[in-house]
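What follows is a short report on a single structure.
Residue numbering restarts at 1 for every chain, and letters A, B, ... go by the order of the sequence lines. Small disclaimer: the values here were computed from a predicted structure and weren't measured.
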Amino acid sequence: MRLSRFLLPSLREAPREAEIVSHRLMLRAGMIRQQSAGIYSWLPLGYRVLRKIEAIVREEQNRSGAIELLMPTIQSAELWRESGRYDAYGKEMLRISDRHEREMLFGPTNEEMITDIFRSYVRSYRDLPMNLYHIQWKFRDEVRPRFGVMRSREFLMKDAYSFDLDQAGARHSYNKMFVAYLRTFARLGLKSIPMRADTGPIGGDLSHEFIILASTGESEVFCHRDYLDFDVPPADTDFESRDGLQAIVDRWTSLYAATSEMHDAGEFAGVPEPDRMSARGIEVGHIFYFGTKYSAPMGAKVTGPDGVEREVHMGSYGIGPSRLVAAIIEASHDEAGIIWPEAIAPFRAAVLNLRVGDAATDAACGDLYRGLEAAGVDTLYDDRDERPGGKFATADLIGIPWQVIVGPKGLAEGKVELKRRATGERELVTPADALRRIVG
RNA sequence: CGGAGCGUAGCGCAGCCCGGUUAGCGCACUAGUCUGGGGGACUAGGGGUCGGAGGUUCAAAUCCUCUCGCUCCGACCA
């Protein structure tokens, strides 16, 4: 992408209302635009990041055996009356009515709807286990939206729902998501720690929050320091192996880890003092097992091998990709701006033309840009007629991992400068070497 | 939902208390010249229903009333 043809409304100063670093940087980098309290447009740069995160979440869901579908944002109140949540959910649910005065709502979550889909088509235990998920916009009319997309009213959520014949099966389904989440967050460049969590209004009796540590986190968390060094399950993990998955989950839940709501000071005191860690954390995922809470009132049953109908055991599993954008920035930035992990950077590389209009520089940049694009590298070519300082500042602000700095001085010696955003390392290399290094 | 604030150009702000030229500054934007490796300089420009409505007054960004929007702290939450 040529920057001169892109929409990148970057700002030197952040708007006054933005307090936390991720919100400030997202506004300065021209990633989002607030349209209303807690409601945002995703501008081109931000949308690229959001989609890359979504893609990784999707890959890991699919790897675990979950099946993607897409449910609507607008739901009928009728479904929610079946589960009893239409009245129970309270003011956070945005209730609307259509032209026939029918009561509708903008979905804050989808347990009811997925249960309805399941009960309509699945009748036999032979079709289980099943895990259905979608990635769709949700709306929760938060009393107090804040921190940009970290706590917004409209947000993107990956929500998965598992269906099993019995509790043991449901436990395996839960473990699949547990492992998939560990892998997902690791691929996003985050160290996540699963913590025992309160189940809240969704209900149920087995739940973990996946927390990443960041000084600006919303909640206080307590855990054993060793979690930071745990190995993440590999890509070839066998998700069908009950014992194998249980062993992974057992290990990842063997040490103390709890959010403040579930914190047990007495138990924490049992952790050797140097291993105790209390920190701020951001919740990036939440998984629940809730048994027959929805299947019972809504009549989601399958026939078992013995010919008897049983209510299915369910779980639900959420990740907020839009919140993750902010969470990753909280965990990865410096004074100059965002430092994107390569996997989700809006562009993997930037080519900085320091002297637009200089024939040799233009030619070298053009070659590099075409070469990178041809090799499948998402590249942002800064071909604006700006001074070098502005280009450096922009590239650092928006966090492009690889930056190729091309100017007459270097080219006189046949060299360009290759810079890594994360470390600040730079070296003079030939354009061909630069291309080779970035393509990897 | 309790408490505290803020709305003046795309962004950051001054002006308001104490009403009175054509509403001002920095950045950004347009044109030009010089520049050219970490947000450069000069010259000339463009852009404003001062959130909205009503009121007081000879006169309102400024005073009064109502209203809309937004932010922060707390309680609550993916």
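Nucleic acid contact class of A:E19 (heavy atoms, under 4.0 Å, all strands): sugar-phosphate only. Heavy atoms of A:A393 sit under 4.0 angstrom from at least one base atom. A:A14 comes within 4.0 angstrom of sugar-phosphate atoms only, judged by non-hydrogen atoms across all strands, and of no base. If you check every strand for non-hydrogen atoms under 4.0 Å, A:G285 touches nothing. When heavy atoms are screened at a 4.0 angstrom cut-off, A:R33 is found touching no nucleic acid atom at all. When heavy atoms are screened at a 4.0 angstrom cut-off, A:D396 is found touching base atoms of the nucleic acid. Counting non-hydrogen atoms under 4.0 angstrom, A:S152 reaches a base of the nucleic acid.
Among the nucleotides B:G36, B:G74, B:G40, the one closest to any side-chain atom of A:R144 is B:G74. Closest to the side chain of A:L354, out of B:G37, B:C6, B:G38, is B:G37. For A:E417, taking side-chain heavy atoms from C-beta onward, the closest of the listed nucleotides B:G39, B:C72, B:G37 is B:G37. Candidate nucleotides B:G36, B:C72, B:A78 were compared by shortest atom distance to the side chain of A:R387, and B:G36 ranks first. For A:R28, taking side-chain heavy atoms from C-beta onward, the closest of the listed nucleotides B:C70, B:A78, B:G39 is B:G39. Closest to the A:R16 side chain, of the nucleotides B:G38, B:C13, B:G40, is B:C13. Checking B:G37, B:C27, B:C29 against the side-chain heavy atoms of A:F392 singles out B:G37 as nearest. Closest to the A:E17 side chain, of the nucleotides B:G38, B:G12, B:A78, is B:G12.
Ring centroid separation for the pair A:F268 and A:Y256 comes in under the 6.0 Å cut-off. The ring of A:F6 has its center closer than 6.0 angstrom to the ring center of A:F347. If you look at A:F210 and A:H208, their ring centroids are not closer than 6.0 Å.
For B:G69, neither phosphate oxygen OP1 nor OP2 lies less than 4.0 angstrom from any side-chain nitrogen or oxygen of A:Q34. Proximity of A:K158 to the phosphate of B:A78: no side-chain N or O atom is located under 4.0 Å from OP1 or OP2. Contact between the side-chain N/O atoms of A:S36 and the OP1/OP2 oxygens of B:C70 is found at a separation under 4.0 Å.
If you find the closest nucleotide of RNA chain B to A:R323 and to A:I405, the one lying nearer the 5' end belongs to A:I405. Projected onto RNA chain B by closest heavy-atom contact, A:S10 and A:A18 fall at different nucleotides, the more 5' of which corresponds to A:S10.
Straight-line distance from the CG atom of A:D141 to the C1' atom of B:C76: 13 Å, rounded to whole Å.
Here B:U62 sits opposite no nucleotide as a Watson-Crick or G-U wobble pair (both hydrogen-bonding atom distances under 3.5 Å).
Rounded to whole Å, the separation between the C1' atoms of B:G24 and B:G15 comes to 8 Å.
Residues from residues 51-76 of chain A placing a heavy atom under 4.0 Å of any atom in RNA chain B do not occur.
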